[in-house]
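The block underneath contains the structure these notes are about, expressed in structure tokens.
Numbers here are sequence positions counted from 1.
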Amino acid sequence: MATRTSSCNCGQLSVTYDGPDPARISLCQCYDCQRRTGSVFSVQARLPIEHVTVEGRSNTWTVPSDSSTPAKRCDSMGGTYHFCPECGSTLYWEISNAPDIVGVAVGGFTDPTFPPPMISGFEAYGARWAMNVSELQMPHFEHDGTSHGAQRA
């Protein structure tokens, strides 16, 4: 078992997980996840609530249930997202149809050893280039491509 802590950008809100590697880590490309993250996909872990400790204040936004078939977004059953009132980072969420689980954005852990996703969804919504970034014909850098970082080996 590992103890991992995820936090918002300013550090005011955090989620600590003290348990086994998550049973489900997913990569999602639905439009709601793209808007929530500001990225072309999101990666989230579903964590058993009994192993989760939340510290800090959060504001919430509740997504209503959407019974469309097929589902048009990963949170189609509804849920409540918790985000930092200071910096706005969405850190975790309650899943309406899984009250014993907390969804947590994997990026908040900033842990390169965090296990990889084991399922990918809503790929038809995704940017075609997103899953093969290393194959794009462009320079690839360890950092941001400025003088602060070195080109990848």
With rounding to the nearest 0.5 Å, note down the distance linking [atom1] in [X] to [atom2] in [Y].
X	Y	atom1	atom2	result
R57	C8	CZ	SG	9.5 Å
R36	S89	CZ	OG	11.0 Å
L13	S58	CG	OG	5.5 Å

Closest approach of [X] and [Y], non-hydrogen atoms and distance?
X	Y	value
Q44	C33	OE1-SG, 4.3 Å
R46	I95	NE-CD1, 3.8 Å
A23	M118	O-SD, 3.1 Å
P99	I49	O-CD1, 4.2 Å
Q12	C84	NE2-SG, 3.4 Å
F41	Q34	N-CG, 4.3 Å

Compute whether any side-chain donor of one residue and acceptor of the other, for T62 and T80, lie under 3.5 angstrom apart.
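T62 vs T80: donor-acceptor pair found between side chains.
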Is a side-chain donor-acceptor pair under 3.5 Å present for T5 with S14?
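Side chains of S14 and T5: no pair found under 3.5 Å.
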Which residue is it: D111, T16, T110, D18? I am looking for the one with a side-chain hydrogen bond (donor to acceptor under 3.5 Å, both in side chains) to R4.
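Result: among D111, T16, T110, D18, D111 is the only option passing the side-chain hydrogen bond (donor to acceptor under 3.5 Å, both in side chains) with R4.
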Which word best sums up how the rings of H82 and Y92 line up, parallel for under 30°, tilted for 30 to 60°, or perpendicular for over 60°?
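Ring orientation of H82 relative to Y92: parallel.
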Show your reasoning for whether side chain to side chain contact (heavy atoms under 4.5 Å, CB included) applies to F114 and D21.
CA-CA 8 Å; F114 202 92; D21 280 349; over 6 Å; no
Close side-chain approach of P48 and Y17, heavy atoms under 4.5 Å
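Counting from C-beta outward, P48 and Y17 do come under 4.5 Å.
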Side-chain heavy-atom pair T60, W93 within 4.5 angstrom cut-off:
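In short, these two side chains do not touch, never coming nearer than 4.5 Å.
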Worked check of side chain to side chain contact (heavy atoms under 4.5 Å, CB included) between I25 and V43:
CA-CA 7 Å; I25 302 167; V43 180; 3.9 Å; yes
